[in-house]
Amino acid sequence: MASRFNPRIADARWQKAWDDAQAFRADDRSPKPKSYVLEMFPYPSGRIHMGHVRNYTMGDVLARYRRMTGHEVLHPMGWDAFGMPAENAAMEKKVHPGAWTRANIDAMRTQLKALGFALDWSRELATCEPDYYGQEQALFLDLYEAGLVYRKESAVNWDPVDMTVLANEQVIDGRGWRSGALVERRKLSQWFLKITAFADELLAGLKTLDQWPDKVRLMQENWIGKSQGLQFRFALSDGEAVEVFTTRPDTIFGASFVAVATDHPLATRLAKDDPALAAFIAECRAGGTTAAEIETAEKKGYDTGLTATHPFDPDWTLPVHVANFVLMDYGTGAVFGVPAHDQRDLDFARKYGLPVRRVVSEGAETASDFAAYTAYTGPGTLVNSRFLDGMAVEAAKKAVIGRAEGEGWGKGATVWRLRDWGVSRQRYWGTPIPFIHCAACGVVPVPKADLPVKLPEDVTFDVPGNPLDRHPTWKHAACPTCGGAARRETDTLDTFVDSSWYFIRFASQPDDQPFDRAVAEQWLPVGQYIGGVEHAILHLLYARFWTRALNRIGRLAIEEPFASLFTQGMVTHETYRTAAGQWVGPDDVERTDKGATLRATGEAVTIGRVEKMSKSKKNVIDPAPILDRYGADAVRWFMLSDSPPERDLPWSEAGIEGAWRFIQRVWRLVDGVGAPGADADEALERKTHRIIAAVAEDIEALSFNKAVAKLYELTTAIEKAAPGPGRDAATRILIRLVAPMAPHLAEEAWVQLGEQGLIAAADWPAVDPAMLVDDEVTIAIQVNGKLRDKLTVAKGAPRETVEALALASENVARILDGKPPRKVIVVPDRLVNLVA
RNA sequence: GCGGACGUGGCGGAACCGGUAGACGCAGCGGACUUAAAAUCCGCUUCCCCAUGGGAGUGCGGGUUCGAGUCCCGCCGUCCGCACCA
């Protein structure tokens, strides 16, 4: 009799058994209720890291649990396989990006299989293969035909390190999201996806996503950034006009200046004949765009000498400035300044001595002068505002918009922060954009019959830039319309396009089209999506857009791709630093009671914060050796224990040891089980049923840490119970409860217990509701709200009985000292509170 | 600056609708088994005190309530997101 569970043998045995049985293959035609569980697919960097392990373990527990509760589960895996790292590897290691990527996929697939995930490998896909990206090109052409793809020249974010354009979402604090390089502005002809045409529905759709974290919904809401207000024209003293947008038309009588952005056409025009203005504009451009720089940047302006006429008073003119704090990208690139009610305008007005006039009163004050240095932006009543006087802010907004529209000089308008999605990338390792540039016919789509437009394999990476551009033949193509010599588009698609529809392709992947609508709709939307919060805006917004775009062109009747979203926390680890300030890794450090020392020299090291694992802090733990040592189940168990899944999980050696001990404890229980018998252990049976229900509830809520705690509790209870059929029966149930989390152990135990078939296909144990009701309860006895005693009484005991028992308590009698309580509160089956 | 989340033992964290705070795990302490170690098992483990009992206690200060980790008001702190968005 083996007394230890040996994962080295069991892991491989059961992984093969699942493979042989195709145990996790999803059947499109199954009559069972369908459940689509998906974790964000990985970029094939070469090795899986702890974040992957945690992410996929959570999804796996849910997928396995759903299978046990009678669902047909789709739980697929694939590879987000295009992207810059492959090109960087090509440059550094002289390997082809495709070869590098495919080798990485093979290595990572092996690692994922070694963790025993219940995945349908028959649906595996990689975005870098023509059978995937060719279908993506087809979808791109469909969107083009529908007018949702267009090309225009515009100022774009240029990453000088990656030598490519970036979307707005990919610029963080003025730096490229991958390279960290300061982004430059460049004018280029680019492909765009019309995500702004969906701004309204993407915003409204967030309200329907009640199973998404509020945080993510809020982030998307802010990103989309809807503002409603008034757009109107100011007539200028030189006979021209300038268009402005405001969300506060009510404050129009508080205006003291008009300001335009430094790159506003008006500024550009005036600068031609005004060297001082040109110099001012150049000076503003030199300023940085980082958070800190913007924070401290002084409001600066240049008085153009022009004036603008107030729309409600032909005799009232406002000076027109070019100002550094006005953004060309937002609204119309021009504003009117109301210093009393906008902080930036106030800073500006104080600096340049412009009038500061109060027009919204928070209470009694009606004087027009405004002395403070803090603008008032709250609610109130309009004052000093002619026909608006006495109105509330909201009513005044409506009144001004009404007049503007009535008199024809302005109209109510909605402005969005969201910009169209620029998808052109000047890179090789991506989906070729299926278009051809013809001198005679213009930009012509590649006919669908000619898809996929395949990436050429013979490319060089010895010089920076886009290898497709310098490929000798690839870009030369015949124009599909006139047949003349033409140039193939050499830009490729942003890899976020690839990840915008992979979940649809998982659900259905025919050879001759991107997906079969009817089949895809059976599975979609994804029932549970799990991934990191870092995709709150990027991937999750793009995928929502893509799904709605397919819906609009009649390809898919789904509006939202992910019904329920869960964002898991990171795996973290302590950091260590030597006195010299060098980061050192956990392998080189010896932890003691007092602190930590360097293993090699005994030198003391400082224990730093527990942080996200990163190469620079040297606190990365590679899952591979841990997996070799402890087996898949211990690693999986640790990933689920202790920390709530949405919070960070601090990795620790002690933690994985604890998980390993638990796996062995369960095995020892199984090892001692005899043949099924009749005698029950009433108390243990009750506990078991209570825990079946609790664990189910916890798994459904993704509260794995709580489920784990309950399983520890049950295990301890079984260990303490007297050996016999009752204990054995509880053990048989424990194994099924543990199966989603520690599946190899469970399969091994299943055999040991003499059961037939795979536990992966077994049913979740049924709960007997009668077993959930206790016939005795413990009641707390409080005096003045303080716990003084506990009583065990029959469940549902009448108030009078409980009250009498409480008063009879020795502790209570001593405290009450013979005096009757003034008041008695009885909460049935819970407590008695005696108020003295 | 704006928006959001969160503050519970030495640590990770439980605590349902306001009803016995600290489940469960880790670490620690004591013990058993062992020649010894590992493994395993048993017990203790919020703090304080005059210890079969009592007092304090969920960031701080108030409040509501018979009763507050939970609700309300005001602070403090940490983390996250956005950021000159008119």
Side-chain angles (χ1 to χ4, degrees), chain A residues 3-4 172-173 213-219 221-223 225-227 229-230 244-248 251 259 261 287 289-291 293-295 297-299 323-327 329-338 341-345 347-348 377 415-417 533-534 536-537 591 593 610 637-638 641-644 646-650 652-659 661-662 664-665 668 697 703 705-713 715-716 719-720 778-791 811 814 821-827 829-836:
Chain A
S3 61
R4 267 165 93 92
I172 292 143
D173 273 355
D214 290 343
K215 177 192 169 80
V216 174
R217 291 198 286 176
L218 192 68
M219 281 168 72
E221 190 181 323
N222 291 339
W223 187 265
K226 182 181 188 175
S227 298
L230 171 70
V244 299
F245 173 75
T246 179
T247 56
R248 294 295 304 271
T251 62
T289 51
T290 67
E293 282 165 325
I294 288 168
E295 186 71 31
E298 206 183 344
K299 305 282 175 282
N324 67 342
F325 67 91
V326 182
L327 302 175
D329 288 345
Y330 190 79
T332 61
V335 297
F336 67 85
V338 183
H341 305 294
D342 180 289
Q343 192 58 46
R344 287 157 310 164
D345 296 347
D347 295 344
F348 191 79
T377 55
V415 160
W416 304 87
R417 187 179 175 280
V533 75
E534 66 273 18
I537 291 173
R591 280 293 256 120
D593 303 354
V610 176
W637 189 261
F638 178 68
S641 308
D642 297 347
S643 289
E646 68 278 10
R647 280 197 227 168
D648 290 350
L649 170 69
S652 75
E653 197 67 29
I656 184 71
E657 287 282 351
R661 278 199 296 274
F662 177 75
Q664 297 302 338
R665 265 173 81 193
R668 280 194 297 276
E697 201 176 297
S703 299
N705 58 320
K706 291 195 235 168
V708 162
K710 306 275 171 37
L711 290 169
Y712 274 114
E713 199 186 326
T715 304
T716 305
E719 284 168 345
K720 299 210 168 183
T778 306
I779 287 188
I781 310 301
Q782 299 179 335
V783 178
N784 293 332
K786 279 202 163 98
L787 182 68
R788 295 299 171 182
D789 207 350
K790 292 180 190 182
L791 290 177
N811 281 348
R814 193 179 61 245
R822 283 195 291 126
K823 193 172 172 186
V824 180
I825 286 114
V826 179
V827 181
D829 295 338
R830 289 219 83 126
L831 62 72
V832 179
N833 189 13
L834 304 164
V835 185

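In the text below, chain A, chain B and the rest are named by the order of the sequence lines, each starting its count at 1.
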Using side-chain hydrogen bond (donor to acceptor under 3.5 Å, both in side chains) as the criterion, list what pairs up with A:Arg788, not counting sequence neighbours.
none
Check this for me: A:Glu697, atom CD, are more than 12 non-hydrogen atoms of other residues, nucleotides or ligands nearer than 6.0 Å?
no
Tightest non-hydrogen contact, residues A:Asn833 and A:Asn784, listed as OD1-N, 3.4 Å
Could you please name the option among B:A27, B:G53, B:G25 that lies closest to any side-chain atom of A:Asp642?
B:G25
Pairing residues for A:Asp347 by the salt bridge (charged side-chain N to carboxylate O under 4.0 Å, His left out) criterion, not counting sequence neighbours:
none
Sticking with atom P, work out how far B:C44 lies from B:G22, rounded to a whole angstrom.
14 Å
Tell me if the side-chain of A:Lys706 makes a donor-acceptor pair with the base of B:C24, cut-off 3.5 Å, by modelled atom types.
no
Can you check whether A:Arg788 has a side-chain N or O nearer than 4.0 Å to OP1 or OP2 of B:G55?
yes
Evaluate A:Lys299 against A:Asp345 for side-chain contact (heavy atoms from CB on, under 4.5 Å), listing each step before the verdict.
CA-CA 9 Å; A:Lys299 305 282 175 282; A:Asp345 296 347; over 6 Å; no
Answer yes or no: does a side-chain N or O of A:Arg344 lie under 4.0 Å from OP1 or OP2 of B:G1?
no
When rounded to whole Å, the CE to C1' distance for the pair A:Met219 and B:C85 reads 17 Å
Separation between the P atoms of B:A51 and B:G55, rounded to whole Å:
15 Å
In terms of the nearest nucleotide of RNA chain B, which residue is placed more toward the 5' end: A:Ser643 or A:Lys710?
A:Ser643
Atom-to-atom span, CD of A:Glu221 to P of B:G3 - whole angstrom
13 Å
Which heavy atom of A:Arg248 sits nearest a heavy atom of A:Phe336, and at what distance?
O-CZ, 4.2 Å
On a heavy-atom basis, which atom in A:Ser641 and which in A:Leu649 lie closest, and how many Å separate them?
O-CD1, 4.0 Å
Work out how far the P atom of B:C48 is from that of B:G43, and round it to whole angstrom.
24 Å
Between B:A21 and B:A56, how far is it from one P atom to the other, in whole Å?
13 Å
Between B:U8 and B:G57, how many Å separate the two C1' atoms, rounded to a whole number?
10 Å
If the P atom of B:C73 is compared with that of B:U78, how far apart are they to the nearest Å?
23 Å
Looking only at heavy atoms, the pair that brings A:Gly331 and A:Phe245 closest together is CA-CB, 4.5 Å
CG of A:Leu327 versus P of B:A86: gap in Å, rounded?
10 Å
Give one of base, sugar-phosphate or nothing for A:Arg822, where a contact means two heavy atoms less than 4.0 Å apart.
nothing
Counterpart residues, ring pair (Phe, Tyr, Trp, His ring centres under 6.0 Å), relative to A:Tyr712 (two or more places apart):
A:Trp637, A:Phe662
A:Lys215 has an atom NZ; how far is it from atom P of B:C6, in whole Å?
11 Å
Rounding to the closest angstrom, what is the interatomic distance between B:G4 and B:G13 at atom P?
24 Å
Taking only the side-chain nitrogens and oxygens of A:Lys786, find out if one of them lies under 4.0 Å from OP1 or OP2 of B:C66.
no
Considering only atom P, compute the distance from B:U70 to B:G9 and round it to an integer number of Å.
15 Å
Polar atoms only, N or O, under 3.5 Å: list the protein pairs with nucleotides 16-22 of chain B and their distances.
residue : atom : partner  : partner atom : Å
B:G19   : O2'  : A:Arg830 : NE           : 3.0
B:U20   : O2   : A:Lys790 : NZ           : 2.8
B:U20   : O4   : A:Thr778 : O            : 3.2

Between the protein and nucleotides 38-47 of chain B, which nitrogen or oxygen pairs come in under 3.5 angstrom?
none

With a 4.0 Å limit, can you tell me whether A:Asn705 has a side-chain N or O closer than that to the phosphate oxygens OP1/OP2 of B:A14?
yes
If you look at every strand shown and take non-hydrogen atoms under 4.0 Å, does A:Tyr712 touch a base, only sugar-phosphate, or nothing?
sugar-phosphate
Rounded to the nearest Å, what distance is computed from the NZ atom of residue A:Lys299 to the C1' atom of nucleotide B:G1?
10 Å
Between which residue ranges does RNA chain B form stems of three or more consecutive Watson-Crick or G-U wobble pairs, both distances under 3.5 Å?
B:1-7 with B:76-82, B:10-12 with B:24-26, B:28-32 with B:40-44, B:46-49 with B:53-56, B:59-63 with B:71-75
Are A:Arg668 and A:Arg665 packed together at the side-chain level, in the sense that at least one heavy-atom pair is separated by less than 4.5 angstrom?
yes
Where the chi angle of B:C16 falls, syn if within 90° of 0 and anti if not:
anti
Do A:Asn705 and A:Asp642 make a side-chain contact, defined as non-hydrogen atoms from C-beta onward lying under 4.5 Å apart?
no
5' precedence on RNA chain B between A:Ser652 and A:Leu218 (nearest-nucleotide basis):
A:Leu218
Classify the glycosidic conformation of B:G9 as syn or anti, calling it syn when the angle lies within 90° of 0.
syn
Flag for A:Ser227-A:Arg417: side-chain donor and acceptor within less than 3.5 Å:
no
Looking only at heavy atoms, what is the nearest atom pair of A:Val533 and A:Val216, with distance?
CG2-CG2, 4.2 Å
Between A:Ser227 and B:A86, is there a contact of a side-chain N or O with OP1 or OP2 at under 4.0 Å?
yes
Please report the distance, rounded to the nearest Å, between CG in A:Asp648 and C1' in B:A5.
13 Å
